[in-house]
Each structure stands twice: as structure tokens, then as C-alpha cells.
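Here's the structure, in C-alpha cells; my notes come after.
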2 protein chains.
Amino acid sequence: MSETSREKPRAGGGDMRRGLELLWGGHGPGRRGPKQRHSTEEVVLTAIAFADAEGVAALSMRRVADALGVSPMSLYTYVPSRDELVGLMLDRVLGETAAPPPETAGWREALTFIARERWRLAERHPWILDLMGRRPPLGPNLVGNHEVAMRALDGTPLDDLTKDYALDTMQNYLIGAMKEARDAREAERESGLTDEQWFKLAEPALMDLLDPARFPRVLRLGEAFRAAGWGAADPEYKFEFGLSLVLDGIEALIRRAEAAAG
Amino acid sequence: MSETSREKPRAGGGDMRRGLELLWGGHGPGRRGPKQRHSTEEVVLTAIAFADAEGVAALSMRRVADALGVSPMSLYTYVPSRDELVGLMLDRVLGETAAPPPETAGWREALTFIARERWRLAERHPWILDLMGRRPPLGPNLVGNHEVAMRALDGTPLDDLTKDYALDTMQNYLIGAMKEARDAREAERESGLTDEQWFKLAEPALMDLLDPARFPRVLRLGEAFRAAGWGAADPEYKFEFGLSLVLDGIEALIRRAEAAAG
DNA sequence: CGAAACTCCGTACCTTGTAAAGTGTTTTGT
DNA sequence: ACAAAACACTTTACAAGGTACGGAGTTTCG
């Protein structure tokens with residue numbers, strides 16, 4: 001069983017017309033043949049359950065079909081392809097972060113709120129991190145989330161384009177940090193070793209290889225981590241650190257815009 | 001042909017002992033059987049050529065073996081598994097960014113230099129972006145790159161741990177931005193449509209679906225992009241924007257550390 | 001010289017997405 | 001009421017993938 005990415009992560013290719021229709025729920029009535037035994041939603045939910053339990057990698061048409069008690073091929077009457085199914089799964093799950101930040105919050109609190117919501121979403125559905133590429137499925141929930149994020153910046157003097165860039169920067173950072181956390185969790189579950197235990201295990205082998213003259217800073221860093229104890233490598237701590245760093249960057253941007261506006 | 005990630009991106013699982021030995025080149029001589037017709041390096045280079053041309057997804061043991069003129073199974077005498085091969089490929093390629101920033105540069109210029117080096121590396125070997133997870137292959141080049149990045153922050157008052165966190169934040173952002181750019185390039189190549197053309201194509205369908213009352217800001221954003229023309233969505237431009245935003249965040253961090261140190 | 005260690009190969013298993021074609025069911029048009 | 005169209009669903013089949021297994025041949029060590 002290979003462990004490496006074998007297909008490009010993408011979501012939302014294909015017909016675009018059919019895709020958007022599926023996403024926005026516009027499949028008119030009046031079909032002719034026999035009724036479907038299940039619904040597209042049921043298929044999507046079943047698939048999400050699988051992905052939650054074992055990741056998108058483990059999700060196969062056959063297994064979903066099995067779980068629904070139908071033959072593999074009949075899934076293709078609900079969904080045009082596996083990719084399209086994954087797109088539907090993603091937008092479905094993005095709906096869980098519908099809650100907007102409190103109206104009273106300033107932009108910084110609002111973005112922090114949103115970032116933490118996304119963090120928790122990725123904890124519940126880690127597989128979404130594999131699907132956040134370009135040309136995502138432009139479903140109602142993806143669009144809704146962006147609307148909410150843009151609103152968080154309403155009180156700032158940034159123009160719309162700059163707001164979008166800033167949010168994009170934050171999102172790029174978030175994805176990286178969430179992936180880091182997820183991979184740590186997964187590696188821990190699969191190997192039975194915490195990052196710390198793993199590091200302690202790899203350390204002696206590394207010490208033989210690392211030339212102190214070539215890599216003095218990395219070696220010092222190893223010591224610093226050892227001295228600081230477990231907490232120092234905790235993904236959630238690092239997430240909050242990086243988040244506030246990025247928000248500081250946005251703050252600088254805003255201050256510059258304020259200065260320019262006089 | 002599916003387009004979605006079917007396996008978890010990881011690099012560096014496995015035996016750890018054997019893996020590190022392979023990475024650091026310590027495979028002693030004095031073997032008994034017949035000489036190998038090729039070398040591990042040759043295998044790795046061939047695999048890299050494939051990945052450059054068609055991505056990690058398209059890289060299969062069979063195809064690499066074919067290119068070398070051996071049977072698929074004999075590759076396993078050079079490399080214990082496909083995953084380990086991918087780990088070797090990654091560290092090999094990371095060696096291309098060996099060039100350190102000029103000594104005279106301040107931390108900001110140095111980090112900018114490094115970030116751009118990484119950007120260019122990802123242009124040459126886009127597939128590395130699928131492999132930047134936790135527990136990467138701790139090869140000489142990964143470690144070397146981190147050493148160089150840490151050195152860029154030598155002149156700052158940050159402690160080692162904080163330097164590491166800051167670099168990690170930057171790297172997380174970088175990965176996201178580079179992925180964005182890569183996916184745009186790929187989608188363009190595969191569909192024959194620029195992002196712009198694609199957006200223009202999807203737009204009319206979206207306009208029917210987007211309720212101006214629910215998504216006013218997103219709709220305004222669409223207009224802003226249209227008004228700004230091509231340049232506004234250019235990944236390289238966005239990359240530079242986000243990079244300087246993150247660097248502003250690091251600058252705030254440094255100033256706070258300076259203030260605390262008095 | 002024998003045995004061990006090694007390389008390399010052919011075969012085989014299992015899993016995947018989905019194309020193709022067939023069967024049966026419901027609705028539509030007349 | 002009846003034929004035809006549209007649909008749901010199934011079986012079968014293909015090509016690709018990683019790699020376990022066992023065998024055949026080659027080199028080196030004791």
C-alpha cells in the first residue's frame with residue numbers, strides 16, 4: 001500500500017454546468033424512469049462518513065456503493081464521477097462553518113474567530129485539506145464563507161481587491177498549519193508514536209550524521225526543543241503563533257492604508 | 001482517470017534506519033552478489049525526470065523501470081518502496097536551493113531571497129508541493145535549507161525557538177501560494193483556459209445563482225477583478241503580496257522583541 | 001569448493017475508476 | 001391503451017498501480 005499522492009488534488013473539474021447545478025441543488029423534477037433508491041445527498045453523506053473515518057484516499061466508489069447497498073456503477077446516476085462527488089462533499093462540509101463572527105467584533109477578533117472555526121472544521125474533516133486547490137467547486141458554502149470573511153474586514157479602509165489578497169494570504173497560511181497538525185495526528189495514530197517520541201527515536205541516528213560545523217543552528221534548535229519540553233512543538237500552539245503573525249501583517253497593511261487615506 | 005488525491009502525501013515513512021542511510025549516502029561497499037547495473041542515484045534521477053514531466057501521480061515503478069531497461073521488481077533492490085524513492089527524490093531536489101542569500105543582506109532581504117528561491121524551485125519541480133508534510137525525509141538538503149534560513153535571522157533578537165516558528169509560518173504561507181500558482185498553471189495547460197478565461201466562462205452561470213442580497217461582497221469582488229484586468233489574479237503578484245505581508249508580521253515580532261530587550 | 005549474499009525476473013494478487021452494453025421500470029406522447 | 005423514450009441499475013471488462021513470493025543466475029567470503 002503506497003503512502004504517496006498518486007493523483008493531483010483537484011475538485012470541480014468536469015462539465016461546469018452539470019457541476020454547478022449539482023452544487024446549487026437545481027435538479028428539476030419530472031424524470032421519467034424509475035425512482036432513485038437513494039438521493040445524491042445520501043451518497044454525499046455516506047462518502048463524507050468514509051472520508052472522515054479513513055481519508056479521501058480510502059474513499060472508493062465501490063465502498064460507497066457497498067455501504068448503500070447498490071452496485072458500484074449505479075452511483076454514476078447520482079454523480080457524474082468520483083471527482084464531482086468529492087466536490088460535493090467539500091462544499092457540503094464547508095456549510096458547517098456557517099456561523100459568522102459576532103457583529104460587535106473588530107476585524108482582528110473576527111478573523112481570529114474565522115480562523116479558529118476553520119481549524120476546528122479541519123479537525124472534524126481532515127481530508128478537506130487535500131482538496132483546497134485552485135478552481136474549487138464554486139458551491140454556495142464556499143462562496144458564503146468568503147462573503148463572511150470579506151465582511152469581517154468591512155470596517156477597514158482596504159479596497160475589495162486588497163481584502164481578497166489579505167484573506168488569501170491568511171488562508172494559505174491556515175492550510176499549511178492545519179495540514180501540519182493533521183499530519184502529526186495521523187502519523188501519531190498510525191505509528192503509535194508522538195512527534196516527540198519519534199524525534200527522540202530519530203535523534204541518535206541524526207546526531208551521528210549532523211556535522212556541527214555545517215549545521216550549528218539546527219543543532220542548537222534541537223537542544224532548544226528538548227529544553228522547552230512537549231508544548232513547544234504543539235501544532236495548536238504553533239497555529240496560534242502563526243495566525244497572530246499573519247494578523248500583524250494585515251494590521252500593518254491597514255495602518256498603511258489609513259496613513260495613505262490621511 | 002480520477003483527478004483527486006487517492007493517497008496521503010507523505011515522505012519518509014518506513015524503516016528510518018535504512019531511510020536515513022539512503023538519504024545520507026552511507027551504504028558501505030563490500031556487497032557480495034553481482035554488481036548493480038545502475039545506481040540508486042540513477043534511479044532517483046530518472047524518477048525525478050518523470051515527476052517533472054508529469055507529476056508524482058504519473059510516476060510509477062513500472063515506468064521508471066522501463067526507462068532504465070530493467071524489470072519493475074528489480075527497482076526494489078535500489079529502493080525499498082515507492083515512498084522511500086519519493087523521499088529521496090525530494091531531498092535530492094532540495095539540494096538545488098543550496099545558494100545562500102548574500103551575506104550583506106538584512107534579514108528581510110535574506111528571507112525574500114530565500115522565498116523566491118523556493119518559488120523558483122517549485123516552478124522547476126512542481127510535484128514537491130505534494131510532499132511537504134510532517135515528518136519529511138530528514139536528508140542533508142532539507143536540514144541544510146533550514147540552517148540557511150535560520151542564519152538569515154542571525155541579526156535579530158529572536159530566540160531560536162521563535163525563529164523556527166516564524167520560518168515555519170512563512171513556509172506554510174509559501175506552500176499555499178506556490179500550490180495556488182502551480183494549480184493555476186496546470187489547470188491552464190490541461191484545459192487550455194487561463195484562469196481569466198475560465199472565470200469568464202463560469203461567470204454567467206454563477207450570476208444566475210448568486211443572490212445579491214446574500215453575497216454582495218463577493219459580487220463586488222467579481223466586478224473589482226473585472227475592472228482590474230488580468231494582472232490582478234496573477235499568482236506571482238499575489239505571491240509577492242502575501243510574502244511581504246508575512247514579512248511585516250515577522251517585523252512586528254522583531255520590534256516587539258527589541259522593545260522587550262530594551 | 002561450498003554456501004551465503006546478492007541482483008534480477010516472471011508471475012500473481014488485489015484494488016482502483018469507469019466504459020460498454022444489457023435488463024427492467026416508469027413516464028410521456030399519441 | 002400502447003409504443004417509445006428516458007431513466008435506474010447491473011454485470012462484465014479493461015488498464016493501471018504497488019509489491020509479495022519464489023526462482024534463476026552471479027559474485028564473493030570462509
Side-chain angles (χ1 to χ4, degrees), chain A residues 1-11 13-15 18 27-40 42-43 47 50-51 54-89, chain B residues 1-11 13-15 18 27-40 42-43 47 50-51 54-89:
Chain A
M1 201 78 69
S2 162
E3 298 278 357
T4 337
S5 172
R6 309 209 32 64
E7 300 287 340
K8 320 212 180 85
R10 178 102 32 83
D15 205 341
R18 174 83 196 275
H27 53 315
R31 336 269 205 88
R32 202 171 285 200
K35 299 272 175 262
Q36 291 181 311
R37 299 198 197 140
H38 308 277
S39 64
T40 300
E42 207 177 337
V43 171
F50 262 104
E54 314 181 39
V56 254
L59 181 130
S60 80
M61 301 299 269
R62 281 172 231 262
R63 295 181 67 179
V64 174
D66 262 16
L68 286 169
V70 293
S71 86
M73 285 312 287
S74 88
L75 284 190
Y76 288 88
T77 65
Y78 298 88
V79 146
S81 73
R82 182 181 185 276
D83 283 354
E84 213 83 41
L85 170 59
V86 169
L88 290 172
M89 292 165 60
Chain B
M1 203 74 71
S2 162
E3 297 280 358
T4 336
S5 170
R6 309 209 32 65
E7 299 288 338
K8 320 215 178 83
R10 178 103 32 83
D15 205 341
R18 174 83 196 272
H27 53 315
R31 333 270 205 88
R32 201 169 285 198
K35 298 273 174 262
Q36 290 182 311
R37 299 197 195 141
H38 308 277
S39 64
T40 300
E42 207 176 337
V43 171
F50 263 104
E54 314 182 38
V56 254
L59 181 129
S60 81
M61 301 300 270
R62 282 172 230 258
R63 294 182 67 180
V64 174
D66 262 17
L68 286 169
V70 294
S71 85
M73 286 313 289
S74 88
L75 283 191
Y76 288 89
T77 64
Y78 298 88
V79 146
S81 73
R82 182 181 185 276
D83 282 355
E84 214 83 40
L85 170 58
V86 168
L88 290 173
M89 291 164 63

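Quantities reported herein were computed from a predicted structural model and do not represent experimental measurements. Labels below follow one simple rule: chain letters A, B, ... track the order of the sequence lines, proteins then strands, and each chain is numbered from 1. Computation of the quantities below employed the complete heavy-atom set of this structure, encompassing side-chain atoms and omitting hydrogens, waters and symmetry-equivalent molecules.
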Practice task
Rounded off to whole Å, could you give me the CE-to-P distance for the Met61(A) and dA19(C) pair?
Solution key: 10 Å

Exercise for the section: May I have the distance from Arg63(A) (atom CZ) to dT18(C) (atom C1'), rounded to whole angstrom? Expected result: 18 Å

Handout entry: Nearest-Å distance for atom pair CZ/C1', residues Arg82(A) and dT16(C)
Key = 9 Å

Exercise for the section: May I ask you to say what Arg62(B) touches in the nucleic acid, namely base, sugar-phosphate or nothing, with a heavy-atom cut-off under 4.0 Å? Expected result: base

Problem - Tyr78(B) side-chain N/O to His38(B) backbone N/O, donor-acceptor pair under 3.5 Å - result: yes

Problem - Met73(A) side-chain proximity, nearest of dA19(C), dC9(D), dC21(D) - result: dA19(C)

Practice task
Using whole Å, report how far CG of Leu75(B) lies from P of dG10(C).
Solution key: 13 Å

Problem - Phosphate OP1/OP2 of dC9(D): any Lys35(A) side-chain N/O under 4.0 Å - result: no

Exercise for the section: In whole angstrom, give the distance that lies between atom CD of Gln36(B) and atom C1' of dG25(D). Expected result: 16 Å

Practice task
Tell me which nucleotide among dT11(D), dC8(C), dT18(C) gets nearest to the side chain of Ser71(A).
Solution key: dT11(D)

Exercise for the section: Apply the test side chain to side chain contact (heavy atoms under 4.5 Å, CB included) to residues Met73(B) and Arg62(B): give CA-CA distance (whole Å), side-chain angles for both, the deciding distance (0.1 Å), then the verdict. Expected result: CA-CA 8 Å; Met73(B) 286 313 289; Arg62(B) 282 172 230 258; over 6 Å; no

Practice task
Spell out, as yes or no, whether a donor-acceptor pair under 3.5 Å connects the side chain of Glu42(A) to the backbone of Leu68(A).
Solution key: no

Handout entry: Distance test, side-chain N/O of Tyr78(A) to OP1/OP2 of dA8(D), below 4.0 Å
Key = no

Practice task
Considering just the side-chain nitrogens and oxygens of Arg37(B), establish if one lies under 4.0 Å of OP1 or OP2 belonging to dC9(C).
Solution key: yes

Fill in the blank from the handout: Rounded to the nearest 0.5 angstrom, the CG-CZ distance for Leu75(A) and Arg82(A) is 12.0 Å

Fill in the blank from the handout: Considering only heavy side-chain atoms of Thr77(B), the closest of dG17(C), dT19(D), dC8(C) is dC8(C)

Exercise for the section: Measure the distance from CG on Leu68(B) to P on dT7(C) and round it to the nearest whole Å. Expected result: 15 Å

Exercise for the section: Take atom CG of Leu59(B) and atom P of dG17(D), then tell me their distance rounded to the nearest Å. Expected result: 10 Å

Exercise for the section: From the options dG18(D), dC9(C), dT16(C), select the nucleotide whose nearest atom is closest to the side chain of Ser60(B). Expected result: dG18(D)

Practice task
Begin with the C-alpha distance, continue with both residues' side-chain angles, and end with the deciding distance and a verdict on side chain to side chain contact (heavy atoms under 4.5 Å, CB included) for Met89(B) and Leu85(B).
Solution key: CA-CA 6 Å; Met89(B) 291 164 63; Leu85(B) 170 58; 4.0 Å; yes

Fill in the blank from the handout: Comparing Pro34(B) with Pro72(B), nearest DNA chain D nucleotide closer to 5' gives the residue Pro72(B)

Handout entry: Euclidean distance, atom OH of residue Tyr76(B) to atom P of dT11(C) [Å, nearest integer]
Key = 18 Å

